[in-house]
Every structure is written in structure tokens, then in C-alpha cells.
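Below is one structure, written out as C-alpha cells, with a few remarks after it.
Along the sequence shown, residues carry numbers from 1. Predicted model only: the values in this text are computed from it and were never measured.
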Amino acid sequence: MIVVVNEQQVEVDEQTTVAALLRSLGFPDRGIAVALDWAVLPRSDWSTTLSEGARLEVVTAVQGG
């Protein structure tokens, strides 16, 4: 199935969780925030299984000012 991550289509299987997708795309374990279908997703909910057409926005914290 297809999900969208930061405006890029990504093919995943039907059992893929948010956490598994983030790992597979090389995002770090810390310093990121995730929105799923336009709502901020707490880290405690990253075990959520994705559905067809889900939209994720992943923001990486950057140090500095």
C-alpha cells in the first residue's frame, strides 16, 4: 500500500507501524516529531499501524539559532 511521508509516496506492507516506517527510512530515534494525517502523534502511539493513503509529516530538530 502507499503512504505519503513528507510529500513523498512510500510503499509499505499492511502491517507497517509508524515506528517501523521511521526506522526503515533512516530517521533517528530522538529529536523528531511526527504528525499523522495532520495531527501530532505522541511517541507512545508510534506503534500505530498505517493505513492506505496515510500522510505523515516528520520534522527533525536542528540545534542552533
Side-chain angles (χ1 to χ4, degrees):
M1 73 182 171
I2 301 294
V3 298
V4 178
V5 180
N6 293 351
E7 304 300 324
Q8 300 290 324
Q9 291 187 346
V10 178
E11 188 169 346
V12 299
D13 67 42
E14 293 178 5
Q15 304 303 318
T16 302
T17 64
V18 172
L21 176 61
L22 294 173
R23 274 192 307 274
S24 73
L25 295 176
F27 285 101
D29 290 338
R30 296 183 165 260
I32 61 174
V34 177
L36 175 59
D37 295 328
W38 312 113
V40 174
L41 189 67
R43 185 177 296 272
S44 60
D45 291 338
W46 286 9
S47 60
T48 300
T49 302
L50 296 166
S51 59
E52 177 72 33
R55 298 185 66 83
L56 285 95
E57 292 294 324
V58 183
V59 179
T60 305
V62 177
Q63 199 170 12

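Between the CG atom in Leu22 and the OG1 atom in Thr16 there is a gap of 11.0 Å [rounded to 0.5 Å]. Here the CD1 atom belonging to Ile32 is positioned 3.5 Å from the CH2 atom belonging to Trp46, to the nearest 0.5 angstrom. With rounding to the nearest 0.5 angstrom, the CG atom of Asp37 is 8.5 Å from the CZ atom of Arg55. Here the straight-line distance linking atom CD of Glu57 with atom CG of Leu41 works out to 13.0 Å at 0.5 Å rounding.
Leu25 and Val3 fall within the same hydrophobic cluster, defined by Ile, Leu, Val, Met, Phe, Trp and Tyr side-chain heavy atoms under 4.5 Å apart, directly or through other members. Under the 4.5 Å side-chain heavy-atom criterion for Ile, Leu, Val, Met, Phe, Trp and Tyr, Val18 and Val59 are members of distinct hydrophobic clusters.
Each of Val5, Leu56, Leu21, Asp45 was checked for a side chain to side chain contact (heavy atoms under 4.5 Å, CB included) with Val34, and the lone residue meeting it is Leu56.
Applying the salt bridge (charged side-chain N to carboxylate O under 4.0 Å, His left out) test to Glu52 and every residue at least two apart in sequence or in another chain returns nothing.
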Leu36 vs Leu50, test: side chain to side chain contact (heavy atoms under 4.5 Å, CB included). Steps then yes/no.
CA-CA 9 Å; Leu36 175 59; Leu50 296 166; 4.1 Å; yes
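Remark: Asp29 CG is loosely packed, at most 12 non-hydrogen atoms of other residues, nucleotides or ligands lying under 6.0 Å away.
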